[in-house]
Asks: 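Got a structure here, written out as structure tokens. Questions coming.
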Amino acid sequence: MEQMCCEELGRFEKYINYSFKNKQLLEEALSHSSYANEKKKCRSSNERLEFLGDSVLSIIVSDYLFSNYKEMPEGELTKLRASLVCEKALHVFAKEIHLGEFILLGKGEEHTGGRERSSILADAFEAVIAAIYLDGGMEAASKHVLRFIPKHAEKSNKICFRDYKTVLQEIIQKNPEEKVEYILAGECGPDHDKAFTVNVCLNSNVIGTGTGKSKKSAEQMAAKEALMLMGYEEAL
């Protein structure tokens, strides 16, 4: 694709459901470095926009996860966010908006399959986020990003989540005489923002302690600590 005509820009805008006031921002977001290098001074690549888009994406995803996964501890939130902003995920999002059809590539990249290359699509996806942010603000960028995140977050959460209580129970059940019990050790904070601490006990001996925004979450964290202390890191 040698250049981006108004009709093609308009077609892509329909895919992303956003109309740019500054079309040059969109053209820059779609311009790979190989294309910009061939055009020399008359074209900037999308690398600077990609840099900005990476940060905009991160804050939008972080805010969404913080607001919608209230009982998830920090470590699990970090894992879930990483699964949503990685190259593999962005490649999937990019294909949903047919981004590969519109990227401006140099002849070399075009002939070697650059239009389907995961890294190129992921980088361009971030650049488009930045372009929307600069053109329409954070609200417009959030609206665009959140077209993809909720369903993929739920899917990734199911993959990332580990039921530590079940894993611990399966290990303990190998010795039928052993008994696991979860005991509430304390709670603190106002009613709308309580934190619970739970001990997991093996035959009345504490083998792990966990804290969470709910008793169930605290029990999971207690089981996780017990597994770590017992040397079952591979189960985590």
Side-chain angles (χ1 to χ4, degrees), residues 1-61 64 80-156 159:
M1 188 182 295
E2 281 296 314
Q3 58 184 1
M4 184 70 68
C5 69
C6 291
E7 183 180 341
E8 286 164 340
L9 284 174
R11 196 156 64 90
F12 183 66
E13 286 177 325
K14 287 181 180 179
Y15 281 131
I16 63 174
N17 198 28
Y18 180 80
S19 181
F20 278 83
K21 296 183 283 290
N22 182 356
K23 306 294 185 185
Q24 288 184 335
L25 276 171
L26 178 54
E27 284 194 68
E28 185 175 327
L30 296 171
S31 297
H32 185 255
S33 57
S34 62
Y35 179 81
N37 290 337
E38 284 185 6
K39 299 300 177 183
K40 305 298 182 186
K41 294 181 180 179
C42 68
R43 176 71 62 175
S44 297
S45 80
N46 61 10
E47 289 176 346
R48 282 174 54 82
L49 286 176
E50 175 209 335
F51 165 79
L52 177 59
D54 178 73
S55 295
V56 175
L57 173 65
S58 183
I59 190 65
I60 293 170
V61 173
Y64 175 81
L80 183 53
R81 181 181 62 191
S83 74
L84 294 169
V85 301
C86 68
E87 181 180 303
K88 182 179 179 181
L90 299 187
H91 181 218
V92 172
F93 302 160
K95 290 181 80 67
E96 288 184 22
I97 56 173
H98 306 273
L99 184 52
E101 297 178 25
F102 301 93
I103 295 176
L104 295 162
L105 298 171
K107 292 183 176 63
E109 283 290 351
E110 184 75 70
H111 294 151
T112 56
R115 204 167 289 285
E116 295 294 323
R117 189 163 295 131
S118 178
S119 59
I120 290 178
L121 287 172
D123 291 347
F125 187 84
E126 290 182 329
V128 169
I129 292 172
I132 293 173
Y133 167 72
L134 292 172
D135 190 73
M138 184 60 85
E139 184 176 348
S142 294
K143 185 177 179 181
H144 172 66
V145 171
L146 293 179
R147 289 176 56 191
F148 311 95
I149 297 304
K151 64 179 179 180
H152 288 280
E154 193 58 36
K155 181 179 179 181
S156 294
I159 295 172

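No experiment lies behind these values; they were computed from the predicted model shown. Along the sequence shown, the residues carry numbers beginning at 1.
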Asks: Are more than 12 heavy atoms from other residues, nucleotides or ligands located less than 6.0 Å from atom CZ of Arg11?
Replies: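 More than 12 heavy atoms, drawn from other residues, nucleotides or ligands, come within 6.0 Å of this atom.
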Asks: Among all residues two or more places apart in sequence or in another chain, which pass the side-chain contact (heavy atoms from CB on, under 4.5 Å) test with Glu13?
Replies: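 Glu13 satisfies side-chain contact (heavy atoms from CB on, under 4.5 Å) with Ser19, Phe20, Lys23, Leu26 once adjacent residues are dropped.
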Asks: Return each pair, listed once, that meets side chain to side chain donor-acceptor pair (under 3.5 Å) where at least one residue sits in residues 124-139; pairs must be two or more places apart or across chains.
Replies: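 Pairs touching residues 124-139 that pass the test: Tyr18-Asp135.
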Asks: Tell me whether Lys88 at atom NZ has more than 12 heavy atoms from other residues, nucleotides or ligands lying less than 6.0 Å away.
Replies: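 No, NZ of Lys88 has 12 or fewer neighbouring heavy atoms, counting only those of other groups under 6.0 Å.
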Asks: Where do Ser34 and Gly106 come nearest, in terms of heavy atoms and distance?
Replies: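 Smallest heavy-atom distance, with atoms named: OG-N, 2.8 Å.
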Asks: Are Phe125 and His144, when compared by the centres of their aromatic rings, separated by less than 6.0 Å?
Replies: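 Ring-ring flag for Phe125/His144: true, centres closer than 6.0 Å.
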Asks: Show, in sequence, the C-alpha distance, side-chain angles and deciding distance for Tyr35 and Leu30, and conclude whether the side chain to side chain contact (heavy atoms under 4.5 Å, CB included) test is met.
Replies: CA-CA 10 Å; Tyr35 179 81; Leu30 296 171; over 6 Å; no
Asks: Does a side-chain N-to-carboxylate-O contact under 4.0 Å join Arg115 and Glu109?
Replies: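 Salt bridge between Arg115 and Glu109, a charged N being under 4.0 Å from a carboxylate O: no.
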Asks: Between Leu84 and Ala89, which heavy-atom pair has the shortest distance, and what is it?
Replies: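 Smallest heavy-atom distance, with atoms named: O-CB, 3.7 Å.
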Asks: Heavy-atom count around Ile59 CD1 within 6.0 Å, excluding the residue itself: above 12?
Replies: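 For Ile59, atom CD1 is not crowded (no more than 12 foreign heavy atoms under 6.0 Å).
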Asks: Atom OG of Ser118 and atom NZ of Lys95: how far apart are they, to the nearest 0.5 Å?
Replies: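 Ser118 OG to Lys95 NZ: 9.5 Å, rounded to 0.5 Å.
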Asks: For atom OH of Tyr15, decide whether the heavy atoms of other residues, nucleotides or ligands shown that lie under 6.0 angstrom number more than 12.
Replies: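 It does: Tyr15 OH has more than 12 such atoms within range.
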Asks: Identify the heavy atoms of Asp123 and Glu50 that sit nearest to each other, and give their distance.
Replies: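 Closest approach of Asp123 to Glu50, heavy atoms only: OD1-OE2, 3.3 Å.
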Asks: At what distance, to the nearest 0.5 angstrom, does CZ of Arg117 lie from CG of Leu105?
Replies: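 Taking CZ in Arg117 and CG in Leu105, the distance rounds to 9.0 Å.
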Asks: When rounded to the nearest 0.5 angstrom, what is the spacing between NE2 in His152 and CG in Leu90?
Replies: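 Between atom NE2 of His152 and atom CG of Leu90 there are 10.5 Å.
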Asks: Drop me the distance from Lys151's NZ to Leu146's CG, to the nearest 0.5 angstrom.
Replies: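 It comes to 13.0 Å.
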Asks: Do side-chain atoms of Arg147 reach the backbone of Ile16 as a donor and acceptor pair under 3.5 angstrom?
Replies: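 The answer is yes, because a donor-acceptor pair under 3.5 Å joins these two groups.
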Asks: So Ser45 and His32, do their side chains get closer than 4.5 Å, heavy atoms only?
Replies: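 When only atoms from C-beta onward are counted, Ser45 and His32 do not touch, as no gap falls below 4.5 Å.
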Asks: Quick one: closest heavy-atom pair of Glu47 and Ser33, and the distance?
Replies: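 Here Glu47 and Ser33 meet closest at OE2-CB, 3.5 Å.
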Asks: Within this structure, what is the CE-CD1 distance for the pair Met138 and Ile132, rounded to the nearest 0.5 Å?
Replies: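 The distance works out to 12.0 Å.
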Asks: Can you list the residues that meet the side-chain contact (heavy atoms from CB on, under 4.5 Å) rule with Leu134, with sequence neighbours excluded?
Replies: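 Scan of Leu134 (side-chain contact (heavy atoms from CB on, under 4.5 Å), adjacent residues dropped) gives Leu25, Leu49, Leu52.
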Asks: Contact between Asn46 and Ile103 at the side-chain level, heavy atoms closer than 4.5 Å - yes or no?
Replies: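 No; the side chains remain at least 4.5 Å from each other.
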Asks: Please find out if less than 6.0 Å separates the ring center of Phe12 from that of His98.
Replies: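 Centroid separation for Phe12 and His98: 6.0 Å or greater.
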Asks: Could you give the distance from CG (Leu121) to CZ (Phe93), rounded to the nearest 0.5 Å?
Replies: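 Those atoms lie 13.0 Å apart.
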Asks: Using modelled atom types and a 3.5 Å cut-off, is there a donor and acceptor pairing between side-chain atoms of His111 and backbone atoms of Lys107?
Replies: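 Side chain of His111 to backbone of Lys107, a donor-acceptor pair under 3.5 Å: yes, one is there.
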Asks: Closest approach of Ser119 and Glu87, non-hydrogen atoms and distance?
Replies: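 Looking at all heavy atoms of both residues, the shortest contact is N-OE2, 3.5 Å.
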Asks: Using distance alone, with no hydrogens and no angle criterion, decide if Glu116 and His91 have a side-chain donor and acceptor under 3.5 Å apart.
Replies: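 Glu116 vs His91: no donor-acceptor pair found between side chains.
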Asks: Measure across Leu104 and Ser31 and return the closest heavy-atom pair with its distance rounded to 0.1 Å.
Replies: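 That would be CD1-OG, 3.5 Å.
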